[in-house]
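Fair warning: this is a prediction, and the values are worked out from it, not measured in the lab.
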Amino acid sequence: MGTHAVDRHAGFGAHLATNAGRHARWLASGFAFAFVIPFVFADWLELPRDLYYGVYIVGVASFFGLWVRATGQSFGELVRRRWVLAVVLGLAVAGILTMVVLRTEDATDRPGGLELIGGVVWRGVAYGLADGLLLSAFPILAVFAMFAGTRLRQRALGVIAIGLAALVASLAMTAVYHAGYSDFRSEKLRKPVAGDVVWSVPTLVTLNPIGAPIAHAGLHTSAVLHSYETDTYLPPHT
């Protein structure tokens, strides 16, 4: 192998290492962000639920946007990637999660009219989309981006191994986020962690960031409609 070939190979390896390290740092920052937001604004400052959702939604959108820009991702390409399958799987998983809510939560009183519509749009759809983006889409995409250009991404078993690592990252993100709420620092934490295995599927299969948020929005929307005072699906809880 010639000197120039060796130099190119070494340079490519250094580039891959730099790329992996950059995404690893963003992933670590994501864990910190996921815990701090509920811990500070929900537990410490005790913001009203809907105001807290506003802070959370803006924070998640900003964090994800910064990651996309700082790491040279193309948001348009991410969203177009297998988008039909991502939407179909997102809606299918949303239906499954709706059944989970109906079977595990008691029906409670709910407001009517414009207040209910506002609850569906804000607490169900907007908050659900942000949750799915932070808890599943971001960690899954970040892990796969860490291995972009490597031999693992070119082999079926390698892709499966990366997928398992991405799922673990998503499960950890979900656990860290919910640990930011005082009432989830208990056995109750098992519920969202178990749910993450289901709502992560659309993005894990397609690597499209819209799949998991669609599924998660379905979860929260069904909670708003069926169990408005739920003590599981619409934190923070007083």
Side-chain angles (χ1 to χ4, degrees), residues 29-68 90-91 93-94 97-98 100-101 104-105 107-139 170 173-186 188-189 191-193 195-196 198-200 202-203 209-238:
S29 298
F31 286 125
F33 172 79
F35 178 80
V36 167
I37 286 287
F39 182 77
V40 171
F41 293 99
D43 266 20
W44 186 29
L45 297 180
E46 297 182 345
L47 294 184
R49 179 182 290 172
D50 291 319
L51 177 58
Y52 165 72
Y53 286 167
V55 172
Y56 178 69
I57 291 167
V58 171
V60 170
S62 299
F63 181 85
F64 188 83
L66 288 172
W67 169 71
V68 168
L91 292 174
V93 174
L97 293 172
T98 295
V100 171
V101 172
T104 60
E105 291 288 298
T108 64
D109 292 336
R110 67 187 186 197
L114 292 177
E115 186 176 353
L116 179 60
I117 294 174
V120 168
V121 172
W122 188 240
R123 299 183 177 189
V125 177
Y127 174 59
L129 291 175
D131 245 10
L133 192 62
L134 177 65
L135 306 186
S136 291
F138 165 68
S170 180
M173 189 70 72
T174 296
V176 168
Y177 166 71
H178 284 87
Y181 299 104
S182 58
D183 60 319
F184 277 102
R185 295 172 208 145
S186 63
K188 188 177 178 181
L189 185 63
K191 291 183 178 180
V193 172
D196 183 88
V198 180
W199 66 58
S200 292
T203 290
I210 68 175
I214 290 174
H216 214 102
L219 170 71
H220 288 295
T221 297
S222 60
V224 170
L225 293 173
H226 174 70
S227 186
Y228 198 79
E229 299 300 330
T230 175
D231 65 350
T232 301
Y233 297 108
L234 295 170
H237 308 116
T238 56

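- With a 4.5 Å cut-off on side-chain heavy atoms, Val93 and Leu219 do not count as touching.
- Panel note: side chain Ser222, backbone Val101; no donor-acceptor pair is recorded below 3.5 Å.
- Here the shortest heavy-atom pairing between Val198 and Leu97 reads CG1-CD2, 4.0 Å.
- Arg110 places no side-chain N or O within 3.5 Å of a backbone atom of His226 that could act as its donor or acceptor partner.
- Looking at Ile117, Asp50, Val224 one by one, the single match for side chain to side chain contact (heavy atoms under 4.5 Å, CB included) with Trp122 turns out to be Asp50.
- Among Phe41, Tyr177, Tyr181, the single residue meeting the ring pair (Phe, Tyr, Trp, His ring centres under 6.0 Å) criterion with Tyr56 is Tyr177.
- To the nearest 0.5 Å, atom NE2 of residue His237 and atom CZ of residue Phe184 are 5.0 Å apart.
- The aromatic rings of Phe39 and Phe35 sit parallel, their planes meeting at an angle under 30°, below the 60° perpendicular limit.
- The closest side-chain heavy-atom distance from Pro139 to Phe31 is not below 4.5 Å.
- Between Leu135 and His178 the shortest side-chain heavy-atom distance falls below 4.5 Å.
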Go through the steps to decide whether Glu229 and Asp109 satisfy the test side chain to side chain contact (heavy atoms under 4.5 Å, CB included), and finish with yes or no. CA-CA 7 Å; Glu229 299 300 330; Asp109 292 336; over 6 Å; no
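- Across all non-hydrogen atoms, the minimal contact from Ala175 to Val193 is CB-CG2, 3.9 Å.
- Using the six-membered ring where Trp is involved, Phe138 and Phe63 have ring planes that are perpendicular, over 60° apart on the 30 and 60° scheme.
- Side-chain atoms of His220 come within 3.5 Å of backbone atoms of Tyr233 as a donor-acceptor pair (strictly under, hydrogens ignored).
- Contact check for Asp43 versus Arg185: side-chain heavy atoms found under the 4.5 Å cut-off.
- No side-chain heavy atom of Tyr228 sits less than 4.5 Å from a side-chain heavy atom of Leu234.
- Side-chain contact between Pro48 and Tyr53 is absent, with no heavy atoms from C-beta onward closer than 4.5 Å.
- Checked by atom type and distance alone, the side chain of Arg123 never pairs as donor or acceptor with a backbone atom of Arg49 at under 3.5 Å.
- Using a 4.5 Å heavy-atom threshold, the side chains of Thr230 and Thr108 count as separate.
- A side-chain N or O of Ser200 and one of Ser170 form a donor-acceptor pair less than 3.5 Å apart.
- In plain terms, the two heavy atoms of Pro236 and Ala42 that are nearest each other are CB-CB, 3.8 Å.
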